[in-house]
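When reading the values below, keep in mind they use all heavy atoms of this one structure, side chains included, and skip hydrogens, waters and symmetry mates. Everything quoted here is computed from the prediction, not taken from an experiment. Numbering of ligands and ligand atoms starts at 1, following listing order.
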Amino acid sequence: MPSVTSFISLSRYQWRNQHAVSLTILSAVCLCILYTLLHIQPDTPRWIKTQRLPDRRSFLGMVKNETLGFQKILCINLPSRTDKRDAIMLGSSLTQFHIDWVEGVSGDAMDPKAYPPRLGDLGRPRMLPGEIGSWRAHMNAIQKVVSEQLTSALIIEDDIDWDVTLKNQLQEFALGSRAVQRDRGASGIPYGGDWDLLWLGHCGITCHSGDPFYMMHDQTAVPRAHLPHYWQGPAVHKTVDNTNETRVICRISNSVCSYAYALTYHAAQKLLAVLSVSPFHQAMPPGEPIIFDVLLGRLCKIGYLKCISSYPSLIGAWRPAGSRSRHSDIQELQDPAEPDTSLEEATSLGVKYSTMLNIPTLIDNGSLVRSSVADVPNPKLNLSDVQPMEGGLYKLEHGGVLEIEG
Ligand SMILES: *[C@@H]1O[C@H](CO)[C@@H](O)[C@H](O)[C@H]1NC(C)=O
Ligand SMILES: *[C@@H]1O[C@H](CO)[C@@H](O)[C@H](O)[C@H]1NC(C)=O
Ligand SMILES: *[C@@H]1O[C@H](CO)[C@@H](O)[C@H](O)[C@H]1NC(C)=O
Ligand SMILES: *[C@@H]1O[C@H](CO)[C@@H](O)[C@H](O)[C@H]1NC(C)=O
């Protein structure tokens, strides 16, 4: 009831020099109104709320459920990497969502007959065994979406990190995703009804030029100077991309790195078709790589899939302390800035209030989390103060950014 509160304080200011009695009476009246409102709610459910926000509350609520508004969350994990499973299990339990596991695949153990189609084409770049295994592991996750007939699923890799405020970020993402779809909420689907793939964890995107993009203030967005190296971009335009504390949500024409993405059931069917059963030329042009994430980006680019993403990425990467050999079973994405030695401390890349680095606080039910990025205006965040924020739709015009009606 912020309006009631501010009314009280305003009244107090105006009445300061007058009768204290009047103030007492006014306060009592306000309190009575407040009391009545609170107490009639069980009997007259929702009329106030439904008038103000007809559908919003229900879809925002769904985004905060145990599976983040998707039907399932599938995490790809090599059975031998129990260490990574420990981390994801603990992190997800502390930030309150539930994960199902999909077994990762070692490329060396695969029958070459089951390798990605068209891999052997003349002039096609070769794939490392780890990349072939990763392709198959993602295929298995996609196959599971189809076999279990999941209406939607979030597929994640097991070396990711995410913000402690992920649920709040996803509520904001849902608002943005619906705005760029012009979905005013008739479909009860939390992220809107007109998408195939939500690319939540990436290392670079390009927004669809020409389409409006959604932009909002976001104190959890990683300052631009501290983002890991992005291999795609700019997302919109250098000036938009470089603004700290903002997040852009848009339809994308390309992306790379498949840390986390959500699929609809139909999109999973389409992916099984193009990636395995009936591949087509445009998806795998001669001479081009067919590594899983590159292929996924190409499918967004050619319009085979409708893809929506956020800049910066919502999901980042996590490296436990110790030898570098522990990090990836595919290949190391070399960040030129990183020295090639073992890490003394666990490191988080691409998220601000890292779940993995705040685990001691979260286990103690602490509400004050720390930024894993140095040199920020808000190094500590009180979780009790976090609320979803809304942004608006914008477009680029004559070199400037123009707000348009949502
Ligand atoms: C969360 O919400 C989604 C979307 O409505 C739904 O499909 C899913 O079953 C819900 N998850 C749980 C655990 O209730
Ligand atoms: C944290 O909260 C849980 C559940 O509310 C409770 O069981 C646990 O004892 C609390 N831990 C601490 C350290 O306060
Ligand atoms: C953006 O944030 C970084 C890190 O906090 C800071 O060093 C930089 O000055 C900020 N840039 C602007 C334009 O405010
Ligand atoms: C966080 O904010 C809540 C409510 O605003 C407050 O009660 C609590 O004391 C704050 N916690 C810390 C550690 O500052």
Side-chain angles (χ1 to χ4, degrees), residues 1-2 5 55-75 92-93 95-100 144-145 148-155 164-168 170-171 173-175 177-178 183 185-193 195 198 200 217-228 230 234 237-248 262-268 311-312 337 348-354 358 360-387 401:
M1 295 278 168
T5 321
D55 65 299
R56 182 161 294 163
R57 302 189 71 88
S58 66
F59 84 77
L60 285 183
M62 276 186 246
V63 168
K64 280 176 85 170
N65 77 10
E66 275 277 281
T67 46
L68 305 177
F70 306 104
Q71 202 177 341
K72 271 195 181 169
I73 302 173
L74 305 174
C75 181
S92 61
S93 85
T95 46
Q96 294 166 14
F97 57 92
H98 176 82
I99 279 177
D100 286 294
K144 197 175 164 90
V145 176
E148 297 190 10
Q149 298 186 28
L150 305 179
T151 50
S152 66
L154 176 62
I155 297 173
V164 175
T165 64
L166 179 66
K167 285 191 174 181
N168 194 73
L170 285 175
Q171 290 186 309
F173 182 85
L175 290 167
S177 161
R178 293 163 78 102
D183 185 324
S187 68
I189 307 163
Y191 297 92
W195 57 273
L198 304 177
L200 300 181
H217 172 76
D218 184 352
Q219 60 173 337
T220 69
V222 178
R224 302 324 190 230
H226 294 281
L227 281 176
Y230 272 6
H237 183 270
K238 237 171 40 194
T239 53
V240 174
D241 284 28
N242 287 342
T243 314
N244 284 341
E245 305 220 337
T246 55
R247 184 178 301 284
V248 166
L263 293 176
T264 63
Y265 175 64
H266 185 57
Y311 173 89
S348 174
L349 287 172
V351 288
K352 189 158 168 196
Y353 301 100
S354 152
N358 276 295
T361 307
L362 296 175
I363 284 190
D364 283 346
N365 301 335
S367 60
L368 218 51
V369 292
R370 273 189 314 119
S371 163
S372 32
V373 178
D375 169 36
V376 288
N378 35 19
K380 289 185 174 170
L381 179 71
N382 184 342
L383 293 176
S384 324
D385 299 339
V386 176
Q387 292 264 343
V401 177

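- At a heavy-atom cutoff of 4.0 Å, ligand 3 is surrounded by P223, H226, N244, D375, V376.
- With sequence neighbours excluded, no residue forms a salt bridge (charged side-chain N to carboxylate O under 4.0 Å, His left out) with K167.
- Under a 4.0 Å criterion applied to the non-hydrogen atoms of M62, ligand 1 contributes the atoms 4 (C), 5 (O).
- Within a 6.0 Å sphere centred on NE2 of H217, heavy atoms belonging to other residues, nucleotides or ligands number more than 12.
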Check your understanding: For H237 and T239, what are the C-alpha separation, side-chain angles and deciding distance, and is it a side chain to side chain donor-acceptor pair (under 3.5 Å)?
Key -> CA-CA 6 Å; H237 183 270; T239 53; 2.9 Å; yes
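- Ring pair Y191/F70 is parallel by interplanar angle, where below 30° counts as parallel and above 60° as perpendicular.
- Counting only heavy atoms from C-beta outward, the side chains of L166 and V351 never approach each other to under 4.5 Å.
- In this structure, Q71 contributes its side chain and T151 its backbone to a donor-acceptor pair below 3.5 Å.
- Between T151 and ligand 1, no pair of N/O atoms sits closer than 3.5 Å.
- Polar contact check, E66 against ligand 1: no nitrogen or oxygen pair lies under 3.5 Å apart.
- With sequence neighbours left out, the salt bridge (charged side-chain N to carboxylate O under 4.0 Å, His left out) criterion links D241 to no other residue.
- Checked against salt bridge (charged side-chain N to carboxylate O under 4.0 Å, His left out), E66 has no partners two or more places apart in sequence or in another chain.
- Every atom of ligand 1 with a heavy atom of T67 under 4.0 Å away is listed here by number and element: 1 (C), 8 (C), 10 (C), 11 (N), 12 (C), 13 (C).
- Residue D385 has at least one heavy-atom neighbour below 4.0 Å for each of these atoms of ligand 4: 2 (O), 5 (O).
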